[in-house]
Amino acid sequence: MKILVCISHVPDTTSKINFTDGDTKFDTNGVQFVINPNDEFGLTRAMWFKEKQGASVTVVNVGGAETEPTLRKALAIGADNAVRVNTEAKDGFQVAKELANVVKEGGYDLVIAGRESIDYNGGMVPGMLAEMVGANFVTNCISLEVDGNNAKAVREIDGGKETVSTSLPLVIGGQKGLVEESDLRIPNMRGIMMARQKPLNVVEPTGASVETASVKFEKPAPKGAVTLVSPDNLDELVNLLHNEAKVI
Amino acid sequence: MSVLVYTESENGSFKKTAFEVASYAKAVADQMGTTVTAVAINANDTSELGTYGVDKVLNVSNDALKNFNAKSYASVVAQAAKQEDAKVIVVSQTADSKYLAPILAVSLEAGYASNVVEVPTSTSPFTVKRTAFTNKAFNMTTIDTDVKVVGVSNNSFGLVENSGSATAEDFSPSLPESGVSVESVDKATDKVTIADAEIVVSAGRGMKGPENWGMIEELADVLGAATACSKPVSDLGWRPHSEHVGQTGKPVASNLYIAIGISGAIQHLAGINASKVKVVVNTDPEAPFFKAADYGVVGDAFEVVPQLIEKLKAFKAANA
């Protein structure tokens with residue numbers, strides 16, 4: 001089985017979010033970039049397939065050279081090789097088109113992406129990619145088993161979960177639950193050393209068009225101070241929620 | 001030309017989000033000087049959509065669409081969009097609509113903006129405000145394609161009644177091979193889900209153990225709220241992953257978010273920033289959550305929550 005894992009290069013979850021150039025660009029100053037958490041669950045599941053069932057695992061990212069340390073980390077975790085599509089990721093549609101080209105060229109059976117990235121939270125790339133390459137698609141995936149050409153997946157739905165059967169080629173939008181968090185891997189020294197020898201192929205973009213454009217960022221208005229209510233006066237809290245906040 | 005809206009239903013009844021996206025579609029149609037057409041799949045009674053500004057409903061009735069299937073449903077909406085020559089298609093951001101929208105966007109070669117929180121600031125260029133960085137910021141985005149798909153964040157626009165009525169006509173689209181078959185659905189049907197909830201009651205490690213969740217559920221019951229939890233709680237297995245709220249869990253955009261025994265890590269706060277009013281109950285007055293909350297009670301959950309339940313019951317009885 002040939003597996004492709006899509007990796008987004010995103011600010012660490014604890015990053016402070018600021019903007020520059022008249023609030024048009026994300027300020028990367030002092031920001032640590034990591035593998036998108038939803039992708040990390042997918043990468044770990046791909047490693048499981050590799051070790052238990054036999055599979056090759058390629059990781060891919062659409063982005064500039066600054067994203068290579070994130071791909072190297074994925075190689076250190078155990079991916080066999082990496083592909084970087086050498087263009088700035090501007091919107092989900094463009095990223096999906098570039099990834100679709102990689103999938104078609106590489107003939108992958110299974111593509112595992114994260115449900116969404118934690119920077120733009122668009123949640124659109126896996127579904128768009130599946131549609132573009134004519135693969136089956138399951139998102140919010142919290143369990144995945146593959147037997148030959150058949151796959152069984154569980155996906156989270158509002159208020160519960162759903163078990164589906166499908167077949168390869170398949171694109172998955174994975175999330176927490178796809179593997180246990182305790183199974184996530186931290187690269188060890190041997191992995192880091194080996195990652196340096198693994199191929200990281202830089203491919204030029206197809207020049208896919210961009211359908212949406214970011215104009216400007218805004219930060220939420222600063223919040224006023226909290227109104228503290230004494231635990232001995234909860235009538236006041238009910239009163240505030242009813243008369244002031246008007247939410248009950 | 002009209003604004004098309006996909007109105008989600010379950011067991012024949014519309015979800016609340018269906019009325020919200022209809023209300024949003026009406027606002028966009030007014031900006032553009034056009035009408036609203038809704039696509040309803042296996043809904044029992046579509047007349048209520050008129051109340052929220054829908055002019056025409058395309059009724060799809062097909063047993064093959066009994067279970068939600070993203071590819072089939074996206075195909076239905078795409079065919080409706082083509083028939084109506086719709087330039088703007090509005091969907092909600094429930095799990096199902098988020099599943100469907102990217103497939104729909106590709107099949108219509110339409111730009112898609114998700115997590116949109118306001119009506120367009122301009123329709124030419126078509127510019128919308130959406131959340132980014134898991135609600136830590138907003139992003140003004142233009143959609144530059146002829147056809148546009150807009151995903152409206154749940155509870156961001158609200159329900160707006162209009163004094164209209166909707167005409168209905170049958171719509172019989174062709175269905176593609178779906179490729180994904182539903183084997184089983186495991187869902188608590190009597191519970192309010194986080195996505196639909198106007199009020200969410202959430203609790204953290206301060207509850208000390210899963211055996212203490214009874215009072216959290218009781219508080220949620222009194223308020224008609226959904227229950228949720230912090231990441232450590234779902235990691236410990238006290239509550240299911242589906243209740244985990246935060247950056248890698250579910251985002252919450254409720255009107256009221258009550259956090260009990262949750263200190264307020266940055267990842268948790270990112271997931272609840274879109275909620276309008278936040279109440280925190282915590283023994284530690286230095287808990288970061290107090291900086292993000294509107295109302296706070298410094299106190300022991302085991303004393304505060306039972307009292308709060310009684311006060312709310314009395315309030316409900318007095319205001320019934």
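As the structure is a computational prediction, the values presented were derived from the model and not from experiment. Below, chain A is the first sequence line, B the second, and so on; all start at residue 1.
Proximity to chain B (any heavy atom under 4.5 Å) is restricted, for Asn140(A), to the side chain, taken from C-beta onward. With a threshold of 4.5 angstrom between heavy atoms, Ile17(A) approaches chain B through side-chain atoms but not through N, CA, C or O. In this structure, chain B has a heavy atom under 4.5 Å from the side chain of Pro11(A), while its backbone stays farther away. Heavy atoms of Phe315(B) lying under 4.5 Å from chain A belong exclusively to its side chain. Residue Val138(A) touches chain B through both its backbone and its side chain, counting heavy-atom pairs closer than 4.5 Å. Neither the backbone nor the side chain of Ala101(B) comes within less than 4.5 Å of any heavy atom of chain A. Of the two parts of Glu218(A), the backbone and the side chain both hold a non-hydrogen atom closer than 4.5 Å to a non-hydrogen atom of chain B. The part of Leu237(A) that comes within reach of chain B is its side chain, from C-beta onward, which places non-hydrogen atoms under 4.5 angstrom from that chain. Neither the backbone nor the side chain of Ala314(B) comes within contact range of chain A, judged by heavy atoms closer than 4.5 Å. Neither the backbone nor the side chain of Ile142(A) comes within contact range of chain B; no heavy atoms are under 4.5 Å apart. For Lys223(A), the part lying under 4.5 angstrom from a heavy atom of chain B is the side chain only. Contacts between Phe137(A) and chain B at a heavy-atom distance below 4.5 Å involve backbone atoms as well as side-chain atoms. Within the 4.5 angstrom heavy-atom criterion, no atom of Ala70(B) approaches chain A. Only the backbone of Ser15(A) comes within less than 4.5 Å of a heavy atom of chain B; no side-chain atom from C-beta onward does. For chain B, the nearby part of Lys152(A) is the side chain; its heavy atoms alone come within less than 4.5 Å.
A cation-pi arrangement is present between Lys129(B) and Phe138(B) under the rule of less than 6.0 angstrom and at most 45 degrees off the ring axis.
In terms of heavy-atom pairs under 4.5 Å with chain B, the best-connected choice from Leu240(A), Leu129(A), Asn38(A) is Leu240(A). For chain B, the option among Ile248(A), Thr227(A), Leu228(A), Thr166(A) with the highest count of heavy-atom pairs below 4.5 Å is Thr227(A).
In terms of heavy-atom proximity, Ala208(A) sits nearest to Lys97(A) at CB-CB, 3.6 Å. Across every non-hydrogen atom of Ile157(A) and Lys161(A), the tightest pair is CG1-N, 3.7 Å. Across Gln93(B) and Ser114(B), no two heavy atoms sit closer than the pair OE1-CB, 3.3 Å. Taking each heavy atom of Thr24(A) and Phe217(A) in turn, the nearest pair found is O-CE1, 3.5 Å. Contact between Ala89(A) and Val95(A) at its shortest, heavy atoms only, is CB-CG2, 3.6 Å.
Side-chain contact annotation: Glu8(B) with Ser97(B), donor-acceptor N/O pair under 3.5 Å present.
Ring geometry for Phe68(B) against Tyr99(B) counts as tilted: the plane angle lies between 30° and 60°, on a 0 to 90° scale.
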